[in-house]
Amino acid sequence: MKTIIITGGTGLIGKELTLYLLKEGYNVVISSRGTNKEEFISANQLQEYEGNLEVLELDYFKNSSINSFVEGLVRLNICPDSIIHNARSLDTLKIEENGQSSVENLLSEFRMGIVGPYELNNSILNSSIGNKLKNIIVISSIYGIVGPTPSLYKDFKRQSPIQYGITKAAQIHLTKELAVRLADRGIRVNAISYGGVEGRADEKFKERYSKFTPLKRMLNTKEVIKPVGFLLSDGASGMTGHNLIVDGGWTIW
Ligand SMILES: NC(=O)c1ccc[n+]([C@@H]2O[C@H](COP(=O)([O-])OP(=O)(O)OC[C@H]3O[C@@H](n4cnc5c(N)ncnc54)[C@H](OP(=O)(O)O)[C@@H]3O)[C@@H](O)[C@H]2O)c1
């Protein structure tokens, strides 16, 4: 049975991925800053998967957190086949009154999207449970490919943080760097860039969004899971360093 780590498994997309991969027969380890296993199982009625799920604490802004997370894997003798770097922080996406972003938030967003995932990979690969790792997926965004569209927002300057797109672009390049550097270990590294996913957006935002994609809508949460399934499958065995765009066509216009 294959084992997969999903960072940010409690979030909008992470939860869908977790449910899908459990149902597909994976052992899944999710990270969370605060939710424990019992809470996650009871909130999502996952009692039948109790033996296939672990929830370990991870907070990229706490210094020893990555070490503790990996020590948890070692203690439980969990050797991951795959990692999905999916976590993101809404806290680091704040914008100042004048529409600019603070140095602190720029650096924190980079730590969250790049430094944390990089260090987590290394920490796993340098440990006794790193030998089985063969597949890494980085969850990026259309905003890592194209610039933001001001007319999508009611208040562009206050609602579209520059640090998000910069970091998402860096994640796509991190994917390529790691694909090169980890190929000798037989590890494939790919990114997925999603368009906007329904869940938090209000009706007015969805209406504006619909004008910018050929499919005329945001993605629904079900549409985010199968592309991950594909990259994990043997069908993608020839792919590494790729950025799979799942965006209803947003980036072709
Ligand atoms: N939603 C979209 O429309 C969309 C579109 C394109 C791309 N994406 C990308 O898809 C991924 C998931 O997005 P989402 O909307 O599902 O995110 P989300 O709902 O905000 O969830 C983020 C997850 O990250 C975890 N997290 C937050 N702060 C953390 C920290 N300091 N250290 C470690 N983990 C932390 C949270 O876990 P806890 O709170 O349990 O700690 C949570 O599970 C992100 O990379 C995002 O950029 C999303």
Side-chain angles (χ1 to χ4, degrees), residues 5-20 28-37 39-40 43-44 54-70 83-94 105 107-120 136-146 148-149 152-153 159-161 163-172 174-175 191-202 205-206 209 212-213 217-225 227-228 243-248 250-251:
I5 295 171
I6 306 175
T7 66
T10 60
L12 181 70
I13 292 174
K15 196 160 75 181
E16 286 301 321
L17 292 176
T18 302
L19 305 187
Y20 167 71
V28 179
V29 180
I30 66 167
S31 78
S32 173
R33 290 163 302 171
T35 306
N36 66 35
K37 179 171 171 178
E39 282 167 348
F40 190 77
N44 297 291
E54 285 299 337
V55 181
L56 295 178
E57 189 182 332
L58 178 67
D59 184 339
Y60 281 136
F61 297 119
K62 284 194 183 158
N63 277 336
S64 55
S65 192
I66 291 177
N67 284 345
S68 306
F69 182 85
V70 176
I83 306 177
I84 305 178
H85 292 292
N86 164 75
R88 63 102 162 252
S89 166
L90 295 175
D91 297 337
T92 58
L93 296 181
K94 299 212 167 74
N105 280 330
L107 292 173
S108 296
E109 179 65 1
F110 195 75
R111 180 169 182 188
M112 183 76 212
I114 301 293
V115 182
Y118 177 68
E119 211 187 327
L120 179 59
I136 298 174
I137 298 175
V138 180
I139 303 298
S140 184
S141 158
I142 49 174
Y143 279 174
I145 305 170
V146 294
T149 301
L152 177 63
Y153 302 92
Q159 291 176 329
S160 178
Q163 63 269 36
Y164 184 71
I166 296 168
T167 302
K168 288 291 157 190
Q171 285 184 326
I172 295 169
L174 174 72
T175 300
I192 301 182
S193 288
Y194 293 123
V197 182
E198 281 177 358
R200 280 180 284 254
D202 63 30
F205 183 91
K206 286 204 264 186
Y209 188 100
F212 298 113
T213 60
R217 60 178 176 81
M218 299 183 82
L219 301 171
N220 63 58
T221 47
K222 300 289 165 219
E223 291 170 319
V224 303
I225 53 181
V228 171
N243 178 30
L244 185 61
I245 302 173
V246 182
D247 69 348
W250 179 286
T251 52

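Along the sequence shown, residues are numbered consecutively beginning with 1. Hydrogens, waters and symmetry mates play no part in the numbers below; they use all other heavy atoms, side chains included. Start at 1 and go down the list; that is how both ligands and their atoms are numbered. As the structure is a computational prediction, the values presented were derived from the model and not from experiment.
If you check each of Val197, Ile192, Thr221, Ile142 against atom 3 (O) of ligand 1, the one with the closest non-hydrogen atom is Val197. Evaluated by nearest non-hydrogen atom to atom 42 (C) of ligand 1, the leading choice among Leu58, Thr35, Leu90, Thr10 is Thr10. Here the shortest heavy-atom distance to atom 8 (N) of ligand 1, taken over Tyr209, Trp250, Tyr164, belongs to Tyr164. Counting only non-hydrogen atoms, the option in Gly11, Gly8, Ser193 that gets closest to atom 21 (O) of ligand 1 is Gly11. The closest non-hydrogen atom to atom 34 (N) of ligand 1, taken over Ala87, Gly116, Gly144, comes from Ala87.
Contact atoms of ligand 1 toward Ser32: 38 (P), 40 (O), 41 (O) (distance under 4.0 Å to a heavy atom of the residue). Ligand-side atoms of ligand 1 in range of Phe61: 31 (N), range being under 4.0 angstrom from any heavy atom. Ligand 1 places these atoms under 4.0 Å from at least one heavy atom of Tyr194: 6 (C), 7 (C).
Looking from atom 35 (C) of ligand 1 to the surrounding protein, the closest heavy atom is Met112 CE, 3.6 Å. The protein atom (non-hydrogen) at minimum distance from atom 17 (O) of ligand 1 is Arg88 NE, 3.2 Å. The single protein non-hydrogen atom nearest to atom 19 (O) of ligand 1 is Leu12 N, 2.9 Å, given as residue, atom name and distance. Considering only non-hydrogen protein atoms, atom 10 (O) of ligand 1 sits nearest to Ile139 CG2, 3.2 Å. Closest protein heavy atom to atom 12 (C) of ligand 1: Asn86 OD1, 3.0 Å.
Pairing each heavy atom of Ile172 with each of Ser140, the nearest pair is CG1-OG, 3.6 Å. Residues Asn243 and Ser193 approach most closely at OD1-OG, 2.8 Å, considering heavy atoms. When all heavy atoms are compared, the tightest approach of Arg200 to Leu12 is NH2-CD2, 3.9 Å. Residues Leu58 and Ser31 share a closest heavy-atom pair of CB-CB, 3.6 Å. Across every non-hydrogen atom of Met218 and Glu223, the tightest pair is O-OE1, 4.5 Å.
At least one heavy atom of Arg200 lies less than 4.0 angstrom from ligand 1. Within the 4.0 Å heavy-atom cutoff, Gly196 counts among the residues contacting ligand 1. Lys15 does not count as a contact of ligand 1, since none of its heavy atoms falls under 4.0 Å from the ligand. At a 4.0 Å cut-off, not a single heavy atom of Thr7 sits close enough to ligand 1 to count as contact. Tyr143 does not count as a contact of ligand 1, since none of its heavy atoms falls under 4.0 Å from the ligand.
Residue Arg33 has at least one nitrogen or oxygen atom sitting less than 3.5 Å from a nitrogen or oxygen atom of ligand 1, judged on distance alone. Between Asp59 and ligand 1, a contact under 3.5 Å exists for at least one N or O pair. Between Ile13 and ligand 1, at least one pair of N/O atoms sits closer than 3.5 Å. Between Gly195 and ligand 1, no pair of N/O atoms sits closer than 3.5 Å. An N or O contact shorter than 3.5 Å is missing between Ser31 and ligand 1 by distance. Any N or O atom pair closer than 3.5 Å counts here, and Tyr60 shares at least one such pair with ligand 1.
Judged by distance alone, with hydrogens and angles left aside, the side-chain atoms of Tyr209 form a donor-acceptor pair with the main-chain N or O of Gly196 at under 3.5 Å. Of the possible polar contacts, one joining the Lys168 side chain to the Ile139 backbone as a donor-acceptor pair under 3.5 Å is found. In this structure a side-chain-to-backbone donor-acceptor pair under 3.5 Å is missing from Thr92 to Asn105.
Counting heavy atoms closer than 4.0 Å to ligand 1, residue Lys168 contributes side-chain atoms (C-beta onward) but none from N, CA, C or O. Only the backbone of Ser140 comes within contact range of ligand 1, with a heavy atom under 4.0 Å; no side-chain atom does.
With a 6.0 Å radius and a threshold of 12 heavy atoms from other residues, nucleotides or ligands, Phe61 has its CZ atom above the threshold. Atom NZ of Lys62 is surrounded by 12 or fewer heavy atoms from other residues, nucleotides or ligands within 6.0 Å. Few gaps surround NZ on Lys37; more than 12 heavy atoms of other groups in view lie less than 6.0 Å from it.
Ring geometry for Tyr153 against Tyr143 counts as tilted: the plane angle lies between 30° and 60°, on a 0 to 90° scale.
A distance of 5.5 Å separates CZ in Phe212 from OG1 in Thr149, rounded to the nearest 0.5 Å. The CD1 atom of Ile192 sits 10.0 Å away from atom OG1 of Thr175, with the distance rounded to the nearest 0.5 Å. The distance from the CZ atom of Phe40 to the CD1 atom of Ile30 is 4.0 Å, given to the nearest 0.5 Å.
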